[in-house]
Amino acid sequence: MSTKHSLAAHEILKDKERVTRHDQTFWSVRMKRDLMASHLPEWEELRNHASDIKKHTITHLADYLEQFATNLESRGVIVHWAKDADELNEMVYGILETHKVTKMVKSKSMLTEECGLNDFLIQRGIDVVETDLGERILQLMNEHPAHIVMPAIHITREEVGRMFEEKGISKETGNYDPTYLTRCARHHLREEFMEAQAGLTGCNFGVAKTGDIVVCTNEGNADMSTSMPKLHIVTMGLEKLVPDYESLAVFQRLLCRCGTGQPTTTYTSHFRQARPGGEMHVVLLDNGRSDIVADPQHWETLKCIRCGACMNTCPVYRRSTGASYTYFIPGPIGVNLGMLKDPQQHSENVSACTLCLSCDTVCPAEVAPGSQIYYWRQSLEAIGKADKLKKMMSTGMKMLYSSPSLYTTALKFAPLANYIPEKLTHFSTLNPWGIGHAKPVFAKKSFHEMWKKGELK
Ligand code: SF4
């Protein structure tokens, strides 16, 4: 059962220090993004171009998929087509079983979160080890990512240090120095890389013309995951394709600048075939994506390159954190993806938006996630998910604004609301969004009244 976003946010907001840190961290990433964008005079043209490339690719997806698969197969890569999450999980398990794999290292992949692959494999006796540092921390803490690019940013180094001590990864009690902790993690992961018989990576971009799998990381863990074990499995969504290297260059310039405020990721690796003596498999997943192509209002979500910029800028995400949303991808794009997956289960997330549309402005692929949330809100009534209280309030507001005499009378009496205790207006389930906000004070005289009496200077 889903938890109302606003109520979950209410709980999270109780820890003011954590929320403030979260807010400031992501705002600083947003500022870095702005600085990077300001260094490129052609920034807006790049965004436009990226959007056009995605639109072209998505509307010619069948052709590009065929070209991509043919190129991979010509070099001996085995290509699989999964229609949904269950099929993908079975396929990956089948490959691992054939190779008698007992341990698999894995670089970050939100697609495997979408499919619940880790749990599926672990239940079948395969030791799955996340190798992205943030993901590994979350895995050891039994938590899920709270952001698509910086999954464990909400966890402090003291918390990481204590957990490393408990797991025997750190031998020095009370040493929470980031360099020391990173060294411990590095040492711990090195063992895992050496022991694993298979490595799984996601895919940031698939280049149709050349059949390249392009993976961008800052830690080089995708490269370690694929250069130690002989078996490499790639899982990717159909929408990850770009036509050629020229298109890839456009996204390369945008992805990291928008995501973390860096000019590029530290490692951009191209995988084209198996290592000598090894085997490479690519599993392409649909899982509802081909239905989204045909959705006139929401097909643009397929243009998303998962940079996370819409989360970093979103005032609701920054203050309520990734843990408040019901879908595994939070923030503006997550609200949309959740609704596309299961509108009944995730409809409450659409209220987690101020409609400031800052996300539309920063998105490198012009997905316009905020504008799409606005469309979702309009469809809530049709799916039986419109909030009764909000409906009642909207009807009241409609009456008020369509009758000038009623509006003027209401304005006269509005200052009386100043005497209602804040406890009643802000600290009840009637108005969970009021929590943490000061009650606005109504002016004694309205603008209309002052205007009419010539009191405005
Ligand atoms: S919707 Fe845009 S800003 Fe948000 S993650 Fe996707 S590409 Fe980035």
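Just follow the structure's listing: the first ligand is 1, and inside any ligand the first atom is 1. For reference, positions follow the sequence shown, starting with 1.
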Please write down residue, atom name and distance for the protein heavy atom closest to [atom].
| atom | value |
| --- | --- |
| atom 8 (Fe) of ligand 1 | Cys307 SG, 2.4 Å |
| atom 5 (S) of ligand 1 | Gly308 N, 3.3 Å |
| atom 3 (S) of ligand 1 | Cys310 N, 3.3 Å |

Hey, are [X] and [Y] close enough for a salt bridge, meaning a charged N less than 4.0 Å from a carboxylate O?
| X | Y | answer |
| --- | --- | --- |
| Lys106 | Glu135 | no |
| Arg18 | Glu159 | yes |
| Arg319 | Asp23 | yes |
| Lys103 | Glu192 | yes |

Contact check, Ile305 vs ligand 1, heavy-atom distance below 4.0 Å: yes

Atom 8 (Fe) of ligand 1 contact by Cys363, N, O or S atom under 2.8 Å: no

For ligand 1, the portion of Cys304 having any non-hydrogen atom under 4.0 Å away: both

Ring-face cation of Arg30 near Phe26 (centre distance under 6.0 Å, axis angle within 45°): no

